There are 2 protein chains.
Amino acid sequence: MASSKKPRTQEERSAETLARIRRATIDVLYERGFSRTSTTEIAKVAGLSRGAMTHHFASKEEILTDAIAAMLEEVNQRLFAFAEEYGERGGTTDEIVDYIWQFMSDRLFYVTMEYLPETRHNEEFKARLIPVVRRFHEGLDAIWSALARKRGVPEDHARIVMNTTMCIVRGMIAQTVLRQDGGYYADMLAFWKNEVRRQFPAPQKEGSS
Amino acid sequence: MASSKKPRTQEERSAETLARIRRATIDVLYERGFSRTSTTEIAKVAGLSRGAMTHHFASKEEILTDAIAAMLEEVNQRLFAFAEEYGERGGTTDEIVDYIWQFMSDRLFYVTMEYLPETRHNEEFKARLIPVVRRFHEGLDAIWSALARKRGVPEDHARIVMNTTMCIVRGMIAQTVLRQDGGYYADMLAFWKNEVRRQFPAPQKEGSS
DNA sequence: ATTTACAAACAGTCAAGTTTGTTTGTTTGA
DNA sequence: TCAAACAAACAAACTTGACTGTTTGTAAAT
């Protein structure tokens with residue numbers, strides 16, 4: 001019975017364990033909710049002992065903020081990538097709205113709703129998250145600024161439309177918790193896409209109406 | 001040291017105590033957050049013993065759902081009252097948006113954000129809240145339907161604009177938790193009021209553009 | 001190339017503090 | 001006198017942080 005485990009460097013072990021903890025934390029947050037999220041459960045989902053976690057993190061709060069920050073950073077990566085690709089390609093406004101709706105409703109904002117209220121009651125928690133959230137908004141800005149330049153729309157105005165879009169999507173996702181009705185949200189999204197299209201007139205072709 | 005307490009009927013005592021518990025529950029929920037809301041704290045804020053609460057409610061969950069339902073019912077009352085008064089008077093669309101923003105950001109949606117995620121993980125909780133939330137939306141519907149009839153706009157369309165407005169407001173309030181910037185939200189609200197105005201052309205006068 | 005010493009990574013247990021539901025006792029109104 | 005309204009104490013269950021011990025990798029010395 002030779003051990004089938006390949007030897008890994010300490011750094012690799014550490015990095016992988018941290019990743020496991022982060023993933024487990026977000027999973028538990030999403031599936032069980034903030035008030036039910038215990039370090040015991042996180043360790044179980046991560047397949048680790050609680051003692052191992054105390055080696056990597058000093059407190060529960062540190063585990064949470066680290067996991068959330070890592071999650072947002074990852075979203076940022078994808079956001080900037082999309083912004084660059086989109087800027088070169090010059091896509092439609094509909095596409096942006098769909099993209100935002102998609103990645104927000106795919107767990108991101110549900111997880112956000114779990115920890116967001118905590119920041120109202122925990123200054124440290126809030127202080128730790130504000131910088132990553134700022135970066136998140138820079139990522140969004142990159143997308144809409146690219147669009148604004150292409151369409152010759154003032155960036156200030158683009159920013160307002162962007163922020164409004166984000167708020168609509170947040171509000172819609174919040175509502176999905178108590179109201180499940182696909183058509184309802186589809187109608188609203190369609191309506192909003194129409195409005196955004198109006199705000200960003202297409203430069204040459206692609207005007208469908 | 002004669003007791004200065006006036007004798008009250010059992011029903012009065014009971015009703016007042018229930019009201020105190022409800023108020024305290026919402027207060028604690030708003031100020032301390034869902035995960036920090038304990039029955040001990042609620043009792044303290046209500047100025048009651050925990051034992052007294054167990055007489056009125058069988059469980060913590062019952063205390064919470066009762067308080068939340070009562071809060072929403074009270075909002076509904078005001079909503080329907082506004083709808084009636086507004087319908088007779090025939091106010092502006094700006095006014096509606098302002099009104100919604102006002103009562104949503106005055107604690108209502110902050111409290112909602114505290115308990116909303118819980119409904120994702122607690123079916124009983126959710127089942128108890130869905131009917132009151134439905135009534136809440138009927139109240140909103142009453143306002144916008146009144147407007148739609150006055151302006152000769154299809155009610156379906158009014159409903160979409162209404163729901164979008166609600167979602168924007170929800171999303172904005174959620175964002176205020178991590179971003180405080182009065183001007184930012186003022187600009188967005190102004191932009192949105194403009195959009196709503198476009199969707200509901202004034203019947204005769206009051207066209208400002 | 002081993003051996004040896006050390007630090008990082010991990011597991012498991014314990015005690016202190018909270019929280020909730022229950023139970024028992026007391027006061028107030030019908 | 002009886003029941004509702006309230007108070008207070010209790011027990012069981014959780015959760016967290018701290019502490020102790022074991023394994024795994026690293027690097028220096030032989």
Side-chain angles (χ1 to χ4, degrees), chain A residues 1-25 28-29 32-67 114-115 118 121-122 124-125, chain B residues 1-25 28-29 32-67 114-115 118 121-122 124-125:
Chain A
M1 52 220 190
S3 72
S4 61
K5 295 165 191 167
K6 335 155 192 174
R8 294 170 301 166
T9 175
Q10 299 271 51
E11 205 179 331
E12 282 173 341
R13 283 214 297 169
S14 193
E16 197 191 304
T17 301
L18 284 177
R20 282 230 304 270
I21 295 175
R22 287 183 187 128
R23 174 195 305 272
T25 303
V28 174
L29 218 44
R32 308 256 319 165
F34 188 88
S35 67
R36 289 177 180 80
T37 295
S38 68
T39 56
T40 310
E41 178 104 9
I42 293 174
K44 198 183 297 173
V45 172
L48 241 75
S49 74
R50 244 173 51 76
M53 296 208 317
T54 66
H55 172 73
H56 291 282
F57 296 100
S59 69
K60 178 185 180 181
E61 204 170 298
E62 214 174 89
I63 295 174
L64 288 173
T65 54
D66 177 83
E114 295 292 342
Y115 70 75
E118 175 68 9
H121 313 287
N122 189 332
E124 258 189 89
F125 202 82
Chain B
M1 51 215 185
S3 73
S4 60
K5 296 164 190 166
K6 338 156 191 172
R8 295 169 300 166
T9 174
Q10 299 272 50
E11 204 178 332
E12 281 172 342
R13 283 213 297 168
S14 192
E16 195 191 307
T17 300
L18 284 177
R20 282 231 303 272
I21 294 175
R22 288 183 186 127
R23 174 194 307 271
T25 303
V28 174
L29 219 44
R32 309 257 318 165
F34 188 89
S35 67
R36 289 176 178 80
T37 295
S38 67
T39 56
T40 311
E41 178 104 8
I42 293 174
K44 197 182 298 173
V45 171
L48 243 76
S49 73
R50 243 172 51 77
M53 295 207 317
T54 66
H55 172 73
H56 292 282
F57 296 100
S59 69
K60 178 185 182 183
E61 204 171 298
E62 214 173 89
I63 295 174
L64 288 173
T65 54
D66 177 82
E114 294 292 343
Y115 70 75
E118 175 69 8
H121 313 286
N122 190 331
E124 257 188 90
F125 202 82

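Note that the coordinates shown come from a computational prediction; the quantities given were computed from them, not determined experimentally. In what follows, chains are A, B, ... by sequence order, proteins preceding strands, each numbered from 1.
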Problem - Gap between atoms CD1 and C1', on A/Ile42 and D/dT15 respectively (whole Å) - result: 12 Å
Handout entry: A/Glu62 CD to D/dT16 C1', straight-line distance once rounded to whole Å
Key = 14 Å
Practice task
Could you pull out all residues at least two apart from B/Glu118 that satisfy side-chain hydrogen bond (donor to acceptor under 3.5 Å, both in side chains)?
Solution key: A/Arg36, B/Asn122
Handout entry: Rounded distance in Å - CE (A/Met53) to P (D/dG17)
Key = 10 Å
Exercise for the section: Only counting residues at least two apart or in another chain, list the ones meeting side-chain hydrogen bond (donor to acceptor under 3.5 Å, both in side chains) with A/Arg13. Expected result: A/Gln10
Problem - Partner set under side-chain hydrogen bond (donor to acceptor under 3.5 Å, both in side chains) for A/His55, not counting sequence neighbours - result: none
Problem - For A/Arg22, all residues meeting side-chain hydrogen bond (donor to acceptor under 3.5 Å, both in side chains), sequence neighbours excluded - result: A/Asp66
Completion exercise
So CG of A/Leu29 and CZ of A/Phe34: to nearest 0.5 Å the spacing works out to 7.0 Å
Completion exercise
With B for base contact, S for sugar-phosphate-only contact and - for none (protein heavy atoms under 4.0 Å), nucleotides 10-26 of chain C reads BBB-------BBB----
Exercise for the section: Nearest whole angstrom, please: distance from the C1' of D/dG17 to the CD1 of A/Ile63. Expected result: 11 Å
Handout entry: Pairs meeting criterion salt bridge (Lys or Arg N to Asp or Glu O under 4.0 Å) with involvement of residues 42-64 of chain A, two or more places apart
Key = none
